[in-house]
Amino acid sequence: MFLLAALSVGTPLAGCRKGAEAQTDVLIAHEITPQPPAVGVATVSLKVTDEAGRSLTGAKIKIEGNMSHAGMAPVFAEAGEVAPGRYLAHLEFNMSGDWVLLIDLTLPDGRRLQRQLEVKGVRPDDG
Ligand SMILES: [Cu+2]
C-alpha cells in the first residue's frame with residue numbers, strides 16, 4: 001500500500017514571490033517491501049507525481065538510511081526509474097530496529113526536495 005505525502009518544492013523568497021512557479025506541489029508515494037521490513041535488502045518503491053497526478057519523470061533520487069541511535073554508518077542507495085514517475089531502490093537494513101530514510105530528490109529542472117520516511121521496527125533476520 002502506498003502512503004501519500006504532500007510536499008512543497010521551491011523556496012519562495014521572503015517578501016519577493018514572483019509568478020506562479022515559485023511553489024509546486026510534488027507528491028511522493030512510497031512502498032517498502034518486504035512488509036513488515038526485516039534485516040536484509042529492502043526494496044523502496046517511490047511514485048512521484050505533481051499535484052495534478054502527472055508522473056514526474058527524470059528525477060534523480062538518492063536515499064540515505066540511518067538508524068535512530070548514534071554510532072552507525074549510514075547506508076546509501078540510488079533509485080532508478082523503472083516506469084514514468086516510478087522509481088525503485090534497493091537498500092540494505094543491516095541491523096534490526098528503527099530507521100529513518102532521507103529521500104533526496106532532484107527534478108530535471110534542478111529543483112530539489114528532501115523528505116524523511118520513518119521505518120520503525122525492522123525485524124531481525126529470521127535466518
Ligand atoms: Cu543500529
Side-chain angles (χ1 to χ4, degrees):
M1 166 185 309
F2 279 102
L3 303 174
L4 268 182
L7 295 168
S8 290
V9 186
T11 313
L13 300 174
C16 177
R17 184 185 280 222
K18 273 191 183 176
E21 61 183 8
Q23 201 93 18
T24 303
D25 286 332
V26 173
L27 299 173
I28 299 181
H30 71 273
E31 186 178 45
I32 296 173
T33 52
Q35 202 57 241
V39 166
V41 176
T43 299
V44 181
S45 173
L46 301 168
K47 213 161 69 174
V48 183
T49 59
D50 67 11
E51 69 273 24
R54 290 179 294 246
S55 298
L56 293 177
T57 64
K60 295 251 190 306
I61 302 178
K62 293 179 191 169
I63 301 176
E64 175 181 331
N66 283 284
M67 291 199 74
S68 56
H69 65 91
M72 280 187 63
V75 298
F76 297 96
E78 283 193 30
E81 190 167 10
V82 294
R86 191 172 172 106
Y87 303 82
L88 279 189
H90 301 288
L91 187 78
E92 184 173 10
F93 292 124
N94 53 16
M95 188 189 283
S96 60
D98 296 336
W99 288 74
V100 176
L101 305 187
L102 179 66
I103 312 282
D104 182 316
L105 186 151
T106 304
L107 295 171
D109 62 8
R111 285 175 302 160
R112 189 173 173 203
L113 65 100
Q114 294 187 322
R115 158 133 165 70
Q116 284 194 0
L117 297 181
E118 290 196 358
V119 183
K120 291 194 181 274
V122 172
R123 298 187 309 172
D125 190 356
D126 293 330

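On a predicted model such as this, the values are computed, not experimentally measured, just so you know. Just so you know, residue 1 is the first one in the sequence shown, and it goes up from there. Both counts, for ligands and for their atoms, begin at 1 and track the order of listing.
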N/O donor to acceptor pairs below 3.5 angstrom from side-chain atoms of residues 33-42, sequence neighbours left out:
{"unit_1": "Gln35", "atom_1": "NE2", "unit_2": "Ile32", "atom_2": "O", "d": "2.7"}

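- Grouping Ile, Leu, Val, Met, Phe, Trp and Tyr by side-chain contacts under 4.5 Å, direct or through others, puts Val82 with Leu88.
- Contact detail for Arg123 and Ser96: the closest heavy-atom pair is C-CB, 3.7 Å.
- The shortest side-chain heavy-atom distance between Trp99 and Leu91 does not fall under the 4.5 Å cut-off.
- Among the candidates Ile103, Asp104, Val26, Thr106, the single residue satisfying the side-chain contact (heavy atoms from CB on, under 4.5 Å) test with Leu113 is Val26.
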Just list the side-chain donor-acceptor pairs under 3.5 Å for residues 61-80, sequence neighbours left out, or say none.
{"unit_1": "Glu64", "atom_1": "OE2", "unit_2": "Asn66", "atom_2": "ND2", "d": "2.8"}
{"unit_1": "Ser68", "atom_1": "OG", "unit_2": "Asp98", "atom_2": "O", "d": "3.4"}

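- Excluding waters, the count of protein N/O/S atoms less than 2.8 Å from the Cu ion (ligand 1) comes to 4.
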